[in-house]
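One-based numbering, in listed order, for ligands and for the atoms of each.
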Amino acid sequence: LSCTGCKKKDFVYHRKYSGEKYCKKCFCTSIEKKIARTVSKHQMLSSTDLIVVGLSGGKDSVVLTHLLAQMEKKFPNSKLITVTIDEGIKNYREETIEIVKKITQDWNIENKIYSFKKEFGYSIDDINQIILEKKLDLLPCSFCGVFRRKLLNQAARDLEADKLAIGFNLDDEAQTILMNFIRGDLSRMARIAPKPKKISPKFVPRIRPLREIPEKEIALYAFYKSLPMQSKECPYAFNSLRHNVQSSINLLEEKTPNVKFNILKNLHTINELFQDSEIKSIKNLHDCEKCGEPTSSTLCKACELISILE
Ligand code: SF4
Ligand SMILES: [Zn+2]
Ligand SMILES: [Zn+2]
């Protein structure tokens, strides 16, 4: 009954996909090592990076901030700043902003808050109202994802960040891959790469150090380390495509424990096949006519979505 790591204590966690059994301490060490390995394997960070972390207050971003803060201490020439996006979702975002304030004060990390309402003129609650009034065939999440992506990039760029770190775990990664496949967005799927790339001077390269850790293990790590976490789920989460894809993958996983890793691994295989292909290239990036952010169309996705609301 002993731990695979220290061989002394009883195990508390059985990692089914690899067979290891860990005590609390060895489990936490295994997560830290795995993330450090992901970071170095894909050259996600360099020793002088200014890293902006998207800190929402959810378990993933809290764990990511905690681990990057530890790593950053070893590199005196690197710096960490957290950015929080306030989407304007009543009875949900208030709690996480409190958590973010507490964490960043306790850990002595700078935090900046950017709001949808201020930057785009609409909160997600406003958008939900308009969707209902105009009977639009869209979900608040479609706006939220696009706006968040854009605003995080703008924030990271304003702060002159070298990297933008996002708390995407293995489950998120597998869901995104399948969602792109379902939507037929093969070029976006082909561009999901672990190694940060600079595709335009206006885009800050994004890194996802948690991409090889299942969501369940992130939650357990946060619990063992007593990290503060939000308790509520976003009221709009239940309708989304992501939510349906998530339920399907979790159902599959009951019979096939490796399904999430397989999706990620198979994506890498496909990406290698696409190596020099047209599908992977981002052609003709130019400035959005309305906001000036890089896009391959006349308007960027955020401005296109805003025009539907007006
Ligand atoms: S569930 Fe949808 S609306 Fe809520 S925070 Fe996530 S993307 Fe935004
Ligand atoms: Zn142990
Ligand atoms: Zn635009």
Under a 4.0 angstrom heavy-atom cut-off, which atoms of ligand 1 come close to [X]?
X      : value
Tyr236 : 3 (S)
Ala237 : 1 (S)
Cys141 : 1 (S), 2 (Fe), 3 (S), 7 (S)

So do the side chains of Phe168 and Leu64 get within less than 4.5 Å of each other, counting heavy atoms only? no
Angle subtended at the Zn ion (ligand 2) by Cys6 SG and Cys23 SG, to the nearest 10 degrees, is 120°
query: Who's the nearest protein heavy-atom neighbour of atom 8 (Fe) of ligand 1, and how far?
result: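 I find the closest protein heavy atom is Cys144 SG, 2.3 Å.
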Tell me the protein heavy atom at minimum distance from atom 4 (Fe) of ligand 1, and give that distance in Å.
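Scanning the protein heavy atoms, the shortest distance from atom 4 (Fe) of ligand 1 goes to Cys234 SG, 2.3 Å.
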Under 3.5 Å, is there a donor-acceptor pair linking the side chains of [X] and [Y]?
X      : Y     : result
Arg15  : Tyr13 : no
Gln230 : Tyr92 : yes
Thr65  : Thr82 : no
Asp49  : Ser46 : yes

Exercise. For Lys16, does the NZ atom sit with more than 12 other heavy atoms under 6.0 Å from it, leaving out its own atoms?
Worked result: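 Not more than 12 within 6.0 Å, no.
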Would you call Arg148 a ligand 1 contact, heavy-atom distance under 4.0 Å?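 Checking ligand 1 against Arg148, which is what was asked, there is a heavy-atom contact under 4.0 Å.
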